[in-house]
S.K.: 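Okay, handing you the structure first.
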Amino acid sequence: MSSSRILTSGNEAAGEAAARAGCRLYFGYPITPQNELTAYMAKRMPEVGGVFIQAESELAAISMCYGAAATGGRVMTSSSSPGISLKMEGISYAAGAELPVVIINVMRGGPGLGNIEPAQGDYFQATKGGGHGDYRLIVLAPWGPQEFADMTGEAFELADFYRIPVMVLADGLVGQMMEPVVFRDPPRRELPPKDWALTGAEGRAARRVVSFYIGAGVLAEHCRKLRAKYDRIESCETRWAETDVTGADLALVAYGTSARVCMEAARLARQEGMKLGLIRPQTLWPFPKAVVRRRAEEGMPMLVVEMSQGQMVEDVRLAVEGRAPVGFVGRGGGGAPAIAEILAAARALRKKA
Amino acid sequence: MAINLKKLSAKQDLLAGGHAACAGCTGPTVIRQALLAAETPVVCGCATGCMEVTTTLYPFTSWRTPFIHSAFENSAATMSGVETAFRALRRKGRVPDREIGFIAFGGDGGTYDIGLQSLSGMLERGHKMLYICYDNEAYMNTGIQRSSATPKGAETTTAQAGSVKAGKDQNRKDLTAIVIAHNPAYVAQAVPSLPNDFMTKVQEALKADGPSFINVLAPCHRGWRCKPDTGIEIAQLAVETCFWPLFKWERPGRLTITYKPKEKRPVAEWIKLQGRFKHLEEPRNRHIIDELQAEVDRKWNELLAMEAATQAAQSKAG
């Protein structure tokens, strides 16, 4: 595939970006609305000399990632909400063993089997653990096919740089919509050597990749090490985009598809003389609390818009700490929030503020 | 216990029309035949998959039976729970003391792959229930991905055919043999094109003293790339070629082939009707047809030998 602009779906763009980033080991399992990505990798991995395996379950796919990542490869799996739930055990293990695994979640409506509409109900699961134990993932939140591609490519760099599982948290709309995409090289980092990878111990000391620390105090020490890494990530990798926030009447806070809807809401608001800015977190963990706090200190009211019944809004409130009014527009069960509803909530919040 | 079609025609269909399955889908035919055959009230469960999503579009349902769905990998476990609860309540006199059939349905993805563990658990624990797999040989609901039931050489969206690959590399998993290895009460293979055979097996399975399993080949014209009105014909040809032999296995090891083709047709005839095997016509892929034929012959000869052994044991005992 040439590097010129092509029209493609978010799912396929993420697959191509992964291949370009050096992903050569992909383990998948069918689930809507991410099947285009699995099918793309089935075709693409053999072309680039990589491996595509369709596992017998999500549990198997994430465990294959665990095994392959332990050998030092660039590995990826993808799924959608119910399937990500099934992967949680393996994700916790990968976090414990500090394995660089890229996990893509193309979210759909839940809970349960839910439906196959785009949704953002897995925010808590992605950013607050999901699996058991005291761990974090880097969580990237694309708002369209271009960013889905960019973030997937960069996810491999982040995973290898920090030796951490990275989740790209898209939704069904971002995955299925088609837009022009240019494949760009992710910003390359000076990566630490994978001197932990299990590559055969002949002629060198044996290595161990483990997530089991039974001795007294050993796990506590390991968790302190993880915490220090998470602190480093929080200070270096927090990302967001601000649009027209300075001088706005209030700031919308939204990610992914919700943020796209907010952009249109802001455009329509201008026609009635209301200035709406947008704070769009691009990393959900680490959450951009500093920018939210700074805007709150300026007294900027915030309206959080999510395709859930209110998850990220809790992080916004934690960052705001009562310094400014925080409103919420959300929608459970899949589907994008209505612009009219956002505008009505913005008017009400502005009056109150 | 012969099936009386005249009597059956007077019974109410327990799977109502108006569901959202594709025109020409053989899945609902399988379910309708199974439910018509039941001689007692039945409680049904179904794994996530085509038959679950198309028959239970809330607030509608096609099921005129009590019905439960929970997830993809656990139809057998969910129904194990239902059957256990019924047994407990019956023992305590909390529900009327009468026979009720419990049937779990699942597609091949939900049975051969992700649901194998819960199927095995149900068989091993010995729940008195019937598991029916409607086997359309791939994950059709999510867009035709290969499963361990997909035959060698068949093309799917994750086992593609082109200049490098020729569809799926591996032979299909013999799930029926795996189930038999659990020594359950009753196991069979069936097709919707021979309803008498299938419905007799459902009746025998529901009466069996323990867990039972019927594997039903259910052609999917979308995934098999054939005409929508050919599902039944292709199911029958699967039997006539011995690709899908019809037999029943009863504890402690009696195997009976319930339909023997008058003339065993070459598997190539069955393949020819399906677009998913189209690339096998290319000279470089012809060997795959031979390999498929060899696998069919191996399995068929194994079944003939098992049947002969059963008959020998019976005549010895008699």
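Order of the sequence lines fixes the chain letters, A, B, ..., with proteins taken first and strands second; residue numbering starts at 1 for each chain. Hydrogens, waters and symmetry mates play no part in the numbers below; they use all other heavy atoms, side chains included.
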S.K.: Check whether any side-chain heavy atom of E73(B) sits under 4.5 Å from a side-chain heavy atom of L59(A), and report yes or no.
M.R.: no

S.K.: Quick check: closest heavy atoms across Y139(B) and E56(A), and the distance to 0.1 Å?
M.R.: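 Reported closest heavy-atom pair: OH-O, 4.3 Å.
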
S.K.: For K128(A), I'd like to know if atom NZ has over 12 heavy atoms of other residues, nucleotides or ligands within 6.0 Å.
M.R.: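 Yes, because the 6.0 Å sphere around NZ of K128(A) holds more than 12 heavy atoms from other groups.
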
S.K.: Would you give me the side-chain donor-acceptor pairs under 3.5 Å for residues 15-32 of chain B, sequence neighbours excluded?
M.R.:
from	atom 1	to	atom 2	distance (Å)
H19(B)	ND1	A21(B)	N	3.3
T26(B)	OG1	P219(B)	O	2.8
R32(B)	NE	D13(B)	OD2	3.3

S.K.: If you count heavy-atom pairs under 4.5 Å with chain B, which of T32(A), L113(A), N115(A), T38(A) comes out on top?
M.R.: L113(A)

S.K.: Side chain, backbone, both or neither: which part of L86(A) has a non-hydrogen atom closer than 4.5 Å to chain B?
M.R.: side chain

S.K.: What part of Q145(B) is in contact with chain A, defined as an atom under 4.5 angstrom from a non-hydrogen atom: side chain, backbone, both or neither?
M.R.: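 Backbone plus side chain of Q145(B), per the 4.5 Å heavy-atom cut-off to chain A.
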
S.K.: Taking atom NZ as the centre, does K278(B) end up with more than 12 heavy-atom neighbours from other residues, nucleotides or ligands that are less than 6.0 angstrom away?
M.R.: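 Counting neighbours around NZ of K278(B), 12 or fewer heavy atoms of other residues, nucleotides or ligands fall under 6.0 Å, so no.
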
S.K.: Flag yes if more than 12 heavy atoms outside E47(A) fall under 6.0 Å of its CD atom; otherwise flag no.
M.R.: yes

S.K.: So what's closer than 4.5 Å to chain A heavy atoms on S148(B): side chain, backbone, both or neither?
M.R.: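 Contact with chain A: none, neither part.
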
S.K.: Say you draw a straight line from CD1 of I31(A) to CG of N141(B); how long is it, rounded to the nearest 0.5 Å?
M.R.: 10.0 Å

S.K.: More than 12 heavy atoms of other residues, nucleotides or ligands under 6.0 Å from CZ of R24(A): is that the case?
M.R.: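 Count over threshold, so yes.
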
S.K.: Quick one: does any side-chain atom of Q54(A) pair with a main-chain N or O of R146(B) as donor and acceptor, under 3.5 Å?
M.R.: yes

S.K.: Quick check on F124(A): does its CZ atom have over 12 non-hydrogen neighbours (other residues, nucleotides or ligands) under 6.0 Å away?
M.R.: yes

S.K.: For the candidates A39(A), A55(A), P30(A), S57(A), which exhibits the highest count of non-hydrogen atom pairs separated by less than 4.5 Å from chain B?
M.R.: P30(A)

S.K.: What part of F72(B) gets closer than 4.5 Å to chain A, counting heavy atoms only: side chain, backbone, both or neither?
M.R.: side chain

S.K.: What are the residues of residues 111-121 of chain B, in order of number, with any heavy atom under 4.5 angstrom from a heavy atom of chain A?
M.R.: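 D113(B), I114(B) fall under the 4.5 Å cut-off.
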
